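Here is the structure we will look at.
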2 protein chains.
Amino acid sequence: MFLSFTEENYLKAIYHLSEDGKIDVSTNAISDALNTKPASVSDMLKKLSQKEVINYIKYQGVSLTPSGKKIALQIIRKHRLWEVFLVEKLKFNWDEVHEIAEQLEHIQSNLLIERLDEFLGFPPFDPHGDPIPNERGEMKAKKHTPLSETDLHNQGKVIGLKETSPLFLQYLDKAGIYIGAKIKVMDKIEFDGSLEILIDNKKTILVSSEVAKNILIAES
Amino acid sequence: MFLSFTEENYLKAIYHLSEDGKIDVSTNAISDALNTKPASVSDMLKKLSQKEVINYIKYQGVSLTPSGKKIALQIIRKHRLWEVFLVEKLKFNWDEVHEIAEQLEHIQSNLLIERLDEFLGFPPFDPHGDPIPNERGEMKAKKHTPLSETDLHNQGKVIGLKETSPLFLQYLDKAGIYIGAKIKVMDKIEFDGSLEILIDNKKTILVSSEVAKNILIAES
DNA sequence: ATGAAAATTTAGGTTTGTCTAAAAAAAAGT
DNA sequence: ACTTTTTTTTAGACAAACCTAAATTTTCAT
C-alpha cells in the first residue's frame, strides 16, 4: 500500500493520540497535532477511511484499523531508529534530533531500515527512552527515563541500568535498589541534584544525581 | 531560499544536463530526464526563472544562475555523501544506492550534512567515483573509475591507486605505470578479465584484472 | 429537554505540479 | 525561400492537500 508523506503523518498522529488510552480520536485533536484546520482533517479522514487504514464514522472520531496501526508503527520504528543514528553516530543531542527524524522517517526502503537497525546494533530504545518497534510492529518494552529525570511523586519501577560496574552494583545492593524495585521520588534537592527516594514503599534514602542518572525507570 | 522537492529535482537535472558541455539545456531534454511532459517543464521553468535560479528565454533553453548552481551542487553533495554512507556503513552495493539517495538528498538540515561528512571521514568521491562538492559547492577532482571498468579504446590518465603496498608499487614501476600516465585500453580478455593497455602511446602491456581493479583512471 | 456552545462536516476556492490538446516558434529539407 | 517537421509554449483541466465560511450535528448547561 502506498501512502503519501502527508497520509503517513496523519496515521502517526492518530496513533500517538490514541496511545493515551483514548479509543476514538477527535478531529480537533488531530488538527491540533498537525497544525491544520479541522476542515482539512475531515477531508483526509474520508480518504484514509476509503483506504481502510482507519475506522471512521462521521462526527464520532477515528481509530486505526490493524493495517493502519501496522503502518503507523513502521513509521515510528523508522523515526526512532534514525534518532538513534543521529545521537549515537552523528553526535547530536537527544533534544536536537526530532525535526530531522520527522523527515527521515518517510524515506521508503525496507532494506534501508533493516540495515540501519543492524548497523546500530538493534537498539531497543530511542534516545528519549521510547521503545523501538520491530519489523512486525511489535513493541514489548515500555518507555523508560533516567531516575534523575523522573517527575516528583511519580511511582515507577527500575527496569535497567546505564552503568554496570561492580562498584555501582554493590552500591545499589547495599542501598536496596534492584531491577523491579518500586521507586517514588519524594524530593529533589536543588543544590546538587540529589534525590530523596522511597523504595518499595518501605525505605527512604538519598541518592546523588550521578547515581540517579544511571538508573532507568519505567513510570507507571 | 526555500525550494520544494520538485524544484530541487529540476535544478539537479539542469545541472547534470549542462555538465556535458552544453551551455543551454532544452525543454525536451529536461522532460526526458525527469519523466514529465515538455508542457510541465515549461510551466516550471517560468517559476524557477522568477525565483532567479535559472536564466530562461522562451524557446531558447535554460542555464543555471550562480545561485541556482550553488543549490544544485548542495543537492549533489548530499546525494553523494548519502551514497557513501549507504555503501561504507550499511553495506549496500554501489549499484543499489541511487534510488535511496534520491530521497535522502532532499532532507533539509545543513548541520546534518556536515556531521555526516565528518562521520564518513570527509570522503572526496562517492562510490561511483564521482567527486563530492564541499559546503561551498567547490569540486576540484574529476570522476574516476577503476581501470578494470574503463571502456575499450577510451583514453584516460592514472589519478590514483586503491592498493598501495610496496609490492604493488614496485610492480607498477616495472610496468611503466605511474600517476599521470596516459592509458588506453586496447583489448579485454574475456577469459580472466585481463587487459591489454597502451601506456603513454608507446608501450603495450598485459595487466591482470586484479591489477586493473586497483588503478584509478580519470577518463578524458 | 431545549437552547447555546462546541465540534465537525460540507461547499467552494487556492496552490502545486502534473496532464492533453492546440497554437506558436524555430529548425531543417528541398 | 518556403514548406514541413520538430520543439516549445499556451490554454484549460485535474488531483492532492490545504484554506475560509457556512451548515450541521453533538454536547453541555440550565
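Side chains are part of it too, since the values below use all heavy atoms of this structure and drop only hydrogens, waters and symmetry mates. Naming convention: chains lettered A, B, ... in sequence-line order (proteins, then strands); numbering from 1 in each chain. Remember, it's a predicted structure, so these values are computed and weren't measured experimentally.
Pairs engaging residues 125-138 of chain B under the side-chain hydrogen bond (donor to acceptor under 3.5 Å, both in side chains) rule: B:Glu83-B:His128, B:Asn134-B:Glu138, B:Arg136-B:Glu138 [sequence neighbours left out]. Applying the side-chain hydrogen bond (donor to acceptor under 3.5 Å, both in side chains) definition to pairs two or more places apart or across chains, those involving residues 111-123 of chain B are B:Arg77-B:Glu114, B:Arg77-B:Asp117.
Rounded to whole angstrom, the span from the CZ atom of A:Phe2 across to the C1' atom of D:dA16 amounts to 12 Å. As rounded to whole Å, 15 Å separates atom C1' of C:dT16 from atom CZ of A:Phe5. Separating the NZ atom of B:Lys46 from the C1' atom of C:dT15 is a distance of 15 Å, rounded to the nearest angstrom. As rounded to whole Å, 11 Å separates atom P of C:dT10 from atom CG of A:Leu45. Going from atom CD of B:Glu7 over to atom P of C:dT18 covers 10 Å, rounded to whole Å. The CG-P distance, from A:Asp24 to C:dT8, rounds to 11 Å in whole Å. Rounded to whole Å, atom P of D:dT9 lies 14 Å from atom CE of B:Met44.
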Output one line per pair: protein atom, nucleotide atom from nucleotides 19-21 of chain C, and distance, for all N/O pairs under 3.5 Å.
| unit_1 | atom_1 | unit_2 | atom_2 | d |
| --- | --- | --- | --- | --- |
| C:dC19 | OP2 | B:Lys37 | N | 2.9 |
| C:dC19 | OP2 | B:Ser40 | OG | 2.6 |

Could you write out each protein N or O paired with an N or O of nucleotides 23-25 of chain C at a distance under 3.5 Å?
none

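Looking at residues two or more places apart in sequence or on another chain, you find no ring-ring contact (aromatic ring centres under 6.0 Å, His included) involving A:Tyr10. In this view, A:Ser109 satisfies the side-chain hydrogen bond (donor to acceptor under 3.5 Å, both in side chains) rule with no residue, not counting sequence neighbours. Applying the ring-ring contact (aromatic ring centres under 6.0 Å, His included) test to A:Tyr59 and every residue at least two apart in sequence or in another chain returns nothing. When the side chain to side chain contact (heavy atoms under 4.5 Å, CB included) test is applied to A:Lys188, the partners found at least two apart in sequence or on another chain are A:Leu152, A:Val185, A:Leu195. In this structure, B:Lys58 has no side-chain hydrogen bond (donor to acceptor under 3.5 Å, both in side chains) partners at least two apart in sequence or on a different chain. Qualifying side-chain hydrogen bond (donor to acceptor under 3.5 Å, both in side chains) partners for A:Asp43, counting only residues two or more places apart in sequence or in other chains: none.
Around CD of B:Glu196, the count of heavy atoms belonging to other residues, nucleotides or ligands within 6.0 Å exceeds 12. The local environment of CG in A:Asn110 is sparse, with at most 12 non-hydrogen atoms from other residues, nucleotides or ligands closer than 6.0 Å.
Ion pairing between B:Lys51 and B:Glu7 holds under the 4.0 Å rule for side-chain N and carboxylate O.
If you check residues 50-58 of chain B against DNA chain D, the residues with a heavy atom closer than 4.0 Å are B:Tyr56, B:Lys58, listed by number. Residues from residues 25-34 of chain B lying near DNA chain D, meaning a heavy-atom separation below 4.0 Å, are B:Ser26, B:Thr27, B:Asn28 in numerical order.
Distances shown here put every side-chain N or O of B:Tyr10 at or beyond 4.0 Å from the OP1 or OP2 atom of C:dT16.
Here CG of B:Leu112 is found 10.5 Å from CD of B:Gln108. Values are rounded to the nearest 0.5 Å.
The salt bridge (Lys or Arg N to Asp or Glu O under 4.0 Å) test with B:Glu102 singles out one residue from B:Lys12, B:Lys78, B:Arg80, and that residue is B:Lys12.
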